[in-house]
Amino acid sequence: MLTPNMHYSELKDSYLFNTIYRKTSEYQAAHPEEKIYRMGVGDVSRPLCEAVIQALHEAVDDQATMTHFHGYMPESGAPELRKAISEYYRRFCVSVAADEVFVSSGACDDLGDILELFHRDNTVLVIEPAYPEYVDTNILCGRKVIHLDSGEENGFLPLPSEEIQADIIYICSPNNPTGAAYDREKLRKWVDYANRNGAVILYDAAYEIFIEDPAIPHSIFEIPGAETCAIEICSLSKTAGFTGTRLGYTVVPKALERMGMNLNTMWARNRETRTNGISYILQKGAAAVFTPAGLAQIQKNIQVYKENARVLMTAFDRSGIWYCGGRNSPYIWLKCPEGMGGWEFFDHLLNQIQVVGIPGEGFGACGKGYFRFSAFGDPEDTKEAANRLCKLLGR
Ligand code: MLT
């Protein structure tokens, strides 16, 4: 008889973001007259920029002609797009070759798929609170997951110690959910740890576009030695509003080797087997992001989200609520008032002022008593949510 993957029974019943959607929909069904202010799941609210829309239209038209029609695309990405992304890295004074860039259907997909490079016996370190996919995908492979808690005492940016024994290390900076971001000096400690111990860092850079502080690196490859211990996973979801369009990229350096195996060659081989690539239409749209016009236009939306974050931070400052994030990040991580638990605060906000956020414990046990707000909402909704929060929090 077939044996299913029994590790599914070790997962929570529902993925965090689905629980948020379900609870919000249940509330809406019971209160159809109420408008709900969604500051929970980090989904963007602004449309794609003009340069991308124009390129997408052109690509659709190309597909209608004998001369410009495209069939299968190269599995690792269109050469022009790989080159454009490798050139984007030059802004951070980082040298990434086009064949070190792999175009993907999004960071979420590659964060799971990339695990096929590693043996199941490896131990995984997840710095918590963390994006829930890091834990779930490893549970499903039966891998041992160890948790490194972070908290206010270390600014939610813990550092490695030699007691930690891990082969795969997840680092998300600027962090989802806390918004905290490693500066170069701190990130270097993780790079040195990984090189000393033969570990590999999976660096989630999905929020790099929000970085303002020059001390914070946009890419782990700004740190010397990262090319021999890190894989960087990024996405256009937040950078260019591609949550519904889907396209990301992963950088696997050619210098990254373990036990005589080259991880860049392995990933190229994996892509040949596992995918027929991303559609021509999407890749042409994505390439427009990296043109001078595209790069200027995407900033307009980023500034809207940054203003949303400022509106929310002002509300928390006025209300005397402790928070971090919001500056180099679209997420604000706050302490629930009056010792409330995250789910208790979630229900309180939804029932009293119809504002939705995400309970901190959804991102790991040490997130208990904290709460995450996203700045990706509509600006008018964000202002209204901030007013309601100020009134409810009574200050
Ligand atoms: C979030 O809310 O954390 C994001 O939507 C995560 C994601 O991009 O999948």
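Please read all numbers here as calculations on a predicted model, not as lab measurements. First listed ligand is number 1; within each ligand, the first listed atom is number 1. Residues: numbered from 1 along the sequence shown.
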Practice problem: Would you confirm whether Asp136, through its side chain, and Leu11, through its main-chain N or O, come within 3.5 Å as a donor-acceptor pair? | Solution: no
In ligand 1, the atoms that come under 4.0 Å of a heavy atom of Asn176 are 1 (C), 3 (O)
Between Tyr331 and the options Tyr207, Phe363, Phe373, the ring pair (Phe, Tyr, Trp, His ring centres under 6.0 Å) test singles out Tyr207
Here the atoms of ligand 1 under 4.0 Å from any heavy atom belonging to Val41 are 2 (O), 5 (O)
The atoms of ligand 1 lying under 4.0 Å from a heavy atom of Tyr331, numbered in the order shown, are 1 (C), 2 (O), 3 (O), 4 (C)
Problem set entry | Lys/Arg N to Asp/Glu carboxylate O, Arg82 vs Glu100, below 4.0 Å | no
Original post:
Does Arg184 pair with Glu222 as a salt bridge, N-O distance under 4.0 Å?
Top reply: yes
What do you reckon, does Lys238 put a non-hydrogen atom under 4.0 Å from ligand 1?
yes
Review point. Is there at least one pair of N or O atoms, one from Tyr207 and one from ligand 1, spaced under 3.5 Å apart?
Key: no
* Indicate whether the side chain of Asp317 and that of Thr314 have a donor and an acceptor atom separated by less than 3.5 Å. => no
Next on the checklist: Could you check, using the six-membered ring where one of them is a Trp, whether Phe346 and Tyr27 have ring centers closer than 6.0 angstrom?
Outcome noted: no
Looking at Tyr15, Phe363, Tyr131, the heavy atom closest to atom 9 (O) of ligand 1 belongs to Tyr131
So the atoms of ligand 1 within less than 4.0 Å of a heavy atom of Gly42 turn out to be 1 (C), 2 (O), 4 (C), 5 (O)
